[in-house]
Amino acid sequence: MRKTKLFSLALAALVLTGCGNIEPWVKPYERQALADPIMSFDPNPVSTAYLDHVFEAREGARGALGSAGGGCGCN
Amino acid sequence: METSARASKRWLGVAFALLLLPVASFAGVLADDRADMLYHRYDGGGVTIHGPSVLVRKKLAEKYAISANYYMDMVTSASIDVEVSGASEYKEERDQYSLGLEYLRGKTTYNLGYTNSKEDDYQAETTSFGISQDLFGDLTTISMGFSRGKDVVRRRDTVTDQIDPTFKEPIDRWSYRVGVSQILTKSIISSLQLEVITDEGFLNNPYRSYRFINPTDTRLFALAREVYPRTRTSNAVAFNARYYLPYRAAVHGGYRFFTDTWGIDANTFEAGYTHPWGPWTFEVGYRYYSQGNADFYADLFDRPNQQNFLARDKELSTFVSQALSVGATYDFLPSGWRFIKKGTLNIRYDRIEFEYDDFRDARFALLPVSDPNFRAAGTEPLYTFGANVIQAFVSVWF
């Protein structure tokens, strides 16, 4: 029991220290490609919102689309 | 008077200085000022929906942003449900207004949103709150959100075409979201989203009916009003990734798993390719969606009130939908004009095919029995339809 506690404590400490020391492995000056507009998850929100609505109104699934969602009035 | 004016000025100065103070420590960035004017058109399965959508967002002092959206649907519907119910084509309009506020403080962005959607027979109001935080040298962004929706369902009398004053049912909605966006390498970014939605209230369409075998002639069917459970909770988890190709192009892929308390399980796969070419950017995409039916769904029930809940909504049936999309963007103001920094013209076309596994084309059983095309209820061909979705829009950054 004591061993488990100690182990948990050590693990928690390790995780916490790890969090504090995470070095960004992709440096800010290496993010040129990621900053290109073609890499945007949602380059045209007005179009994405519309298409999400088109599918949501015709399919049973919903959610996890990254938008605020809800209240589409599409019963 | 003069003293009070001076005091006001001093306060303004202090307020202004306070506004400027955190600027030095800004790590996050709000999206650019932008306006979009979109025309959308959906045409498929006897339904045409078209209209405009206008979205404007503007930053204030680099730490606040306000956005407003007006969206309109003009619907003309003679869908298979309308035909089978014996009703005639109907027209309706939906107006939706949204307002959003964002506040950036250090690496944290807070956002508030409000949406109001109105039709003659349906009103929906949604309020949302969200927070996102950049972590680990901005490699990771975590976000959380909550939405609360209140809808009111009304019904139009199909004979008098007036809103039925005796029918007014509410729906309460709650949505909880968490997400992580993660830079994996110099050329890969990914995101994981999780959303739980709970609805409570009148969840079926007040016009839709289920069908059952006509007891007087088993080749025919009769209709009765659907009965749905009054609660529904759904879980969805989605993973998306984008990869930057060495010759300046991007591929993306995504997967979403969905499950709910009505027994529907669904999988969505998506893939796409983006290719810039001079002032143009071309996009192609493919989306595959499949779902299993709800526990209380049936295309044809044996008898009325066969079970507690009865539905024949094709959205709750077993089906597959596949969509192919093509899009093009033309940068018509690459070096700007007056206060406009950039402008694009965009067009996008989606072709969607729906193939149902347990939703039959009941119109065949409505034909006269003597008609060679007549099919007995339950033996009609499975329903299938295709839809064309067009979007044309102008975007300007200012």
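A note on names: the letters A, B, ... follow the listed sequences, proteins ahead of strands, and every chain is numbered from 1.
Interface remark: B/Phe393 contributes side-chain atoms only to the contact with chain A (heavy atom separation under 4.5 Å). With a 4.5 Å cut-off on non-hydrogen atoms, A/Arg58 touches chain B through its backbone and its side chain both. Contacts between B/Ile189 and chain A at a heavy-atom distance below 4.5 Å involve backbone atoms as well as side-chain atoms. Neither the backbone nor the side chain of B/Phe129 comes within less than 4.5 Å of any heavy atom of chain A. Interface remark: B/Arg242 contributes backbone and side-chain atoms alike to the contact with chain A (heavy atom separation under 4.5 Å). If you measure heavy-atom distances from A/Phe55 to chain B, the contacts under 4.5 Å come from the side chain alone. Interface remark: B/Tyr207 contributes no atoms to any contact with chain A (heavy atom separation under 4.5 Å). Using a 4.5 Å cut-off between heavy atoms, B/Arg57 makes no contact with chain A at all. Interface residue B/Ser191: backbone and side-chain heavy atoms are both found under 4.5 Å from chain A. Heavy atoms of B/Tyr289 lying under 4.5 Å from chain A belong exclusively to its side chain. Using a 4.5 Å cut-off between heavy atoms, A/Val54 contacts chain B through its side chain alone, with no backbone atom that close. Contact of A/Pro28 with chain B is not made at all, since no heavy-atom distance falls under 4.5 Å.
Classified by interplanar angle (parallel below 30°, tilted 30° to 60°, perpendicular above 60°), the ring pair B/Phe146/B/Tyr176 is tilted.
B/Ser190 contributes a side-chain N or O that, together with a main-chain N or O of B/Gln182, makes up a donor-acceptor pair within less than 3.5 Å.
The environment of A/Glu30 atom CD is dense: over 12 non-hydrogen atoms of other residues, nucleotides or ligands sit within 6.0 angstrom.
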